[in-house]
Amino acid sequence: MFLSKKRTLLCSLLYWLEVDLEFVSISSSVEADNLSTRLLLTSNANTAGEKHSQDYCAMYDICGTRSDGKVVNCPFGSPAVKPDDLFSSKIQSLCPTITGNVCCTEAQFDTLKTQVQQAIPFLVGCPACLRNFLNLFCELTCSPNQSLFINVTSVDNVDGNLTVGGIDYLIADAYGEGLYESCKEVKFGTMNSRALQFIGAGAQNFKDWFAFIGRKAAPHGLGSPYAITFRSNAIESSGMKPMNVSTYSCGDISLGCSCGDCPSSSVCSVSSSTTTSKKDSCSVKVGTLVVKCVDFILAVLYIILICVFLGWGLYHRIRERKPTYRTKSVSNVISDGALYTRNREKDENLPMQIHVNARENRNEVRLSAVQGYMSNFYRKYGSYVARHPIVMLASSVAIILLLCVGLIQFKVETRPEKLWVGPGSKAAQEKQFFDSHLAPFYRIEQLILATIPDHVNSTSPRIVSDDNIKFLFEIQKKVDAIRANYSGSMVSLQDICMKPLDKDCATQSVLQYFKMDPKNLDNYGGVDHLNYCFEHYSSADLCMSAFKAPLDPSTVLGGFSGNDYSGASAFVVTYPVNNAVDKEGNGTRKAIAWEKTFIQLVKDELLPMVQSRNLTLAFSSESSVEEELKRESTADAITILVSYLVMFAYISLTLGDTLHPSFFYISSKVLLGLSGVILVMLSVLGSVGFFSVLGVKSTLIIMEVIPFLVLAVGVDNMCILVHAVKRQRLELPLDERISNALVEVGPSITLASVSEVLAFAVGSFISMPAIRVFSMFAALAVLLDFLLQVTAFVALIVLDSLRAEDKRVDCFPCIKVHSDPDIGIGQRKPGLLARYMKEVHAPILSIWGVKIVVIAVFVGFTFASIALSTRVEPGLEQEIVLPRDSYLQGYFSNVSEYLRIGPPLYFVVKNYNYSSESPQTNQLCSISRCNSDSLLNEIAKVALVPDTSYIAKPAASWLDDFLVWVSPEAFGCCRKFTNGSYCPPDDQPPCCAPGDNSCVSVGTCKDCTTCFRHSDLQNDRPSTTQFREKLPWFLSSLPSADCAKGGHGAYTSSVELTGYNNSIIPASSFRTYHTPLNKQIDYVNSMRAAREFSSRVSESLKIEIFPYSVFYMFFEQYLHIWKTALVNLAIAIGAVFIVCLVITGSLWSSSIILLVLAMVVVDLMGVMTILNIQLNALSVVNLVMSVGIAVEFCVHMTHSFTVTSGDRDQRAKEALSTMGASVFSGITLTKLVGVIVLCFSRTEVFVIYYFRMYLSLVLLGFLHGLVFLPVVLSIFGPPSRCSITEQGEIRSSTSSRQ
């Protein structure tokens, strides 16, 4: 979970790397910025003043060849020529609008055909655009009416021959607009960028496009062999008129442009079913204030409830003041409470004990059957422990130590996929399928070299300079020189990097514009060359990368606005490294070894170099996050230890009697406190040891949270037990004191502990491993802690009591002090907390006005928390998980500042049936004749609404490119020798047929023909056999200028060929990418949107499709985190309610406990919103833990209230006076002193999820358990279970009748 965002931000940078590969080797042939300019070679011109009329040519035949190989036309006019039938059919195959006579020779036409074959792969996906584009050059080259719109304006002398030097080309604006509109959105294959970037220099209108086409090239430069000036108006006297053949709209259904190429098509309109729109939250306008419906409803409901409560309270107070009611009330108090009060005055230390007056009366507590059984058990058990403390202590400790033996198999799980992703996780299964059937996503190593921002002017200096480029070459040289030691062998970047064509590393760096060679820096022109490449990266040969693919500047630069790449303030260098499915294999281990050396190099050498140049350097490797998380686990060990030591010191003090200089060394209980803390730790270790034996790995959450939880529960029980023993009359024998204390508090301790154990145990059914394992360990730890408290700790209390009675010094029991026997033994006084609860806290809460305020405030805050909890966002920001001094902190900051590209998104298709009988080909593709609701067309549709779909562009499609590759129109792509073997494009020598010993190293491949004619295909689709035979050819075909659709590199890992001979392709993927994702909620919503889209399309097409992105596995938990949290909390609270109901037998008491627990959880979620704490596994664990700690606050108070006699006010005061002090000191103060230490943690995650959330939990537990609960009990509490027996006759207590 913690490393997901870092990795997704990094891997998105390499999207261009993966999608660029279709252009490998294109640089060797693409000589112009735009392929269109090269189509002008075949033009023929007439000299000025010649005839402009129908059936007349302006230029005819070829008169020369420039020194750079570009052919130029003759500048002489002549009548149009009637071609022979064979030549006419050739012209018709390419230029169907040219009929009858023509103005071109076969040599001109062959040149035209050779040149347009480079443009066809870019545009063939949209037949309307291709047809319009071809007509532009067909009319220029061969139209019989050429002279009507072509005028030669200048001539050149080439080898002694006059040739065309410049022409005017008259074209109607309507044609230009139609051509541009049909082509402006056409995408090119794997690049997922507009084709006009390659054949139009990114023109924004047809005039810009025409201006680019018409530029005349310098020798060996880029451009047309002669200048072309496009005009829309002709001189009236010239007899010329603009060319204006019909244009085709890309929305013409008959021409079948895909939705990605033609979003304006009627079949591409986005309907409500196409994408999931953002749900508008319901709101209510109150005057000028707009509030959410939930907030408004809660506010109205709160007002109604408070009004009802105030009305009831007013009625009750008025009724109390009536004489008849007052008399009745006094009578009740006298008959039930006064006698109780007199008995209580006999011994203020025995408020809950069953009092006995031999002459007149006695109090009896009517317990439930379960509580009665427990009381009898604890009475006998207490006497046994008091008589045999050593046996009980030794046996219980021996058992727990036996469990601790399992620690020898202790292991910690640190792999995120094992912590946050369940074995049945959909995302985990999809990742496994993707990795095993296609290819695992590559590892990423990255450097971000940036200038230091000028905060005064809010600007950043430019990074693009000759000095900085030279410095970057120095850095690259050191990285190339890295040699990591792995098992005795030296590992370099070349050994592990990703090589698309098995030669050069696909390093993403601005240095690629210099072929990664520092010698080219001066040869190419330094910064000027860079600025040129920023504009022509996709077409200029000199700008191609060393691995033969175009490099998008946005992937190697940062800190720029718009397309102002020269204004960038950062260089982004990314090293993609091969990954493996087996994370423990040699390949992965080699990469990890290199990564560690890489990070060390940056720290030791590169950082000082960068700082000396007044620059900044951020860096990261694939293994960085995991390594830093391991370091984080030990970074705060001292902080946690100090926290526990502080709590131990406080526990030792609070367990002892009131300090007195004369006997504090006897009355103190430091040794008892230390022993109690050791028992708590043993319970945790016993739990970990038990599960370690079973093979369950521990987690950092368990190591950090469970000791805190168990200490909270254990200390509370320790305080309650010790204080209960203190309240016993000292004249009683020790075994009776222990027995009575256990009878008094044993049932409530058991009730609380069983509730907590069950509350945590139900969490073991949650699918998320981190929460499931935490729940298992916590349940057993709490259970063991409870058992040790009632066995070993009770035995320790007995031993400590014997020590004190024998006047032995605490911590040094061997030393005996001879003093007054009454000192320290018979002079026990209530402690400060007990006096505060009895004399201050309880009386204040008994005031009626205070009760009204308490109810109103707590209920109001709960309602507000309900509203606030809806604003809690799922996620966990990676910055807070890492140590504050981690180098990744600065790296993540730079990533957010400089990177503006979303992570790659793959739509994976299972079991694609490509047979002719199956409709699935047309259900998936997006070119001509594909279904309008095909997968790729649907992706293109939702890409039109990126705000809701989170999909940035239409998907790159191997299927579309394959269908284009085999089509007869792409005559430079799928070719075969006469013997049927594969023939490469002409610009990919050598041209050798299998078995042919004579290879052509240069020039045109002989005896090669296109694979298919139109008549060989079925509705422009290959047959099953043709598909099966030619797909491997396509995937092994290198892209080049003659055929840019080659699939090698670009689609090597997009199709699984294993078993494809049976007409089924087991797995294939179509890739696009998400929009930039800046927040955790963006990642969650993008995953949800992609899954909803895939589910809808799968159901519609009856094809199994799923989305995959590298971060999905880590963010899947957040799709259901609310459900996980609510179900876990509901089960935990429900389990507590059932346990309370079974043990107490009181629906009334159980309901009040349920109410308070729910309020604590809801209020804590409201505080999470206020403190900006996200909902994740850590916060869910804390919420579940809050149930366990809140139980401690509620159960003891409620139990004490029910077994005390008197009216509700008296019983509430009595419960606060007795249990209030124990709970307050046992949980609240103990946890406060421990939690405060955590605020000094070096890791933000401890400050947020442990300090802030724990502090909130403790304070909320205290306020609800010791403020709100006593008030509720004093008003709505259950009847007392205590009755008074007088002279053998039982008079039932009437304290509940008010």
Side-chain angles (χ1 to χ4, degrees), residues 4 7-22 187 189-192 260 425-444 498 500 576 579 581 901-912 924-926 934-940 942-943 946 949-962 1035 1047 1049-1057 1065-1077 1083 1086-1098 1101 1103-1116:
S4 60
R7 180 167 186 172
T8 53
L9 286 172
L10 295 181
C11 67
S12 62
L13 284 177
L14 297 188
Y15 177 74
W16 282 96
L17 163 66
E18 188 169 351
V19 301
D20 289 354
L21 300 178
E22 187 165 333
K187 306 298 187 299
T190 57
M191 286 293 290
N192 258 351
S425 163
K426 184 178 179 181
Q429 294 172 356
E430 291 170 349
K431 181 183 184 300
Q432 175 63 27
F433 182 89
F434 187 90
D435 289 351
S436 59
H437 289 268
L438 298 173
F441 205 82
Y442 32 80
R443 304 174 69 87
I444 298 164
M498 189 174 72
N579 209 345
V581 177
I901 185 170
L905 168 62
Y906 300 85
F907 287 96
V908 182
V909 177
K910 289 185 176 181
N911 301 320
Y912 159 43
L924 295 177
C925 67
S926 64
S934 68
L935 169 63
L936 292 166
N937 276 330
E938 290 296 301
I939 294 173
V942 297
S949 68
Y950 294 91
I951 295 176
K953 289 186 177 181
S957 169
W958 69 266
L959 181 57
D960 283 354
D961 285 357
F962 171 66
L1035 295 176
Y1051 298 123
T1052 302
S1053 60
S1054 295
V1055 184
E1056 181 187 22
L1057 294 182
I1065 294 178
S1068 63
S1069 64
F1070 303 91
R1071 61 179 174 269
T1072 177
Y1073 56 93
H1074 282 296
T1075 54
L1077 308 175
Y1083 285 88
S1086 65
M1087 181 180 182
R1088 180 181 291 109
R1091 283 192 169 181
E1092 290 176 354
F1093 168 79
S1094 294
S1095 177
R1096 177 179 60 79
V1097 175
S1098 296
L1101 302 180
I1103 301 175
E1104 189 173 358
I1105 304 167
F1106 68 84
Y1108 172 76
S1109 191
V1110 70
F1111 70 86
Y1112 281 2
M1113 187 174 68
F1114 304 104
F1115 281 83
E1116 184 186 39

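Side chains included, hydrogens not; waters and symmetry mates left out as well; all remaining heavy atoms used.
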All side-chain hydrogen bond (donor to acceptor under 3.5 Å, both in side chains) counterparts of S934, not counting sequence neighbours: N937
P440 backbone acceptor or donor facing N579 side chain under 3.5 Å: no
Partner residues of Y1108 under the side-chain hydrogen bond (donor to acceptor under 3.5 Å, both in side chains) criterion, sequence neighbours left out: none
Y1112 OH to K431 NZ distance, which is reported to the nearest 0.5 Å: 15.0 Å
CZ on F434 to CZ on F441, rounded to 0.5 Å: 8.0 Å
With sequence neighbours excluded, residues passing ring pair (Phe, Tyr, Trp, His ring centres under 6.0 Å) with Y912: none
Nearest-0.5 Å distance, CE of residue M498 to CD1 of residue I444: 9.5 Å
Sole residue of S1086, P1107, S949 in side chain to side chain contact (heavy atoms under 4.5 Å, CB included) with H1074: S1086
Interatomic spacing from CD in Q429 to CZ in F1106 - rounded to 0.5 Å: 10.0 Å
Main-chain N/O of F907 paired with S1069 side-chain donor or acceptor, under 3.5 Å: no
Salt bridge (charged side-chain N to carboxylate O under 4.0 Å, His left out) against E430, all qualifying residues, sequence neighbours excluded: R1091
Heavy-atom closest pair, residues P576 and Y442: CB-CD1, 4.2 Å
Least distance between heavy atoms, S1098 atom then E1104 atom: OG-C, 4.2 Å
Closest non-hydrogen atom pair between I951 and V942, with its separation: CD1-CG2, 3.7 Å
Pairing residues for K426 by the salt bridge (charged side-chain N to carboxylate O under 4.0 Å, His left out) criterion, not counting sequence neighbours: none
Listed partners of A1067 passing side chain to side chain contact (heavy atoms under 4.5 Å, CB included), at least two apart: F433, H437, L438, E1056
Worked check of side-chain contact (heavy atoms from CB on, under 4.5 Å) between L959 and F1070: CA-CA 9 Å; L959 181 57; F1070 303 91; 3.9 Å; yes
Within-4.5 Å side-chain heavy-atom neighbours: L924 and I1103: yes
W958 CH2 to R1071 CZ distance, which is reported to the nearest 0.5 Å: 12.5 Å
All side-chain hydrogen bond (donor to acceptor under 3.5 Å, both in side chains) counterparts of Q432, not counting sequence neighbours: none
With sequence neighbours excluded, residues passing side chain to side chain contact (heavy atoms under 4.5 Å, CB included) with T1075: P946, Y950, A952, L1077
Side chain T1072, main chain L905, donor-acceptor under 3.5 Å: no
Between OG on residue S957 and CZ on residue F962, distance to nearest 0.5 Å: 11.5 Å
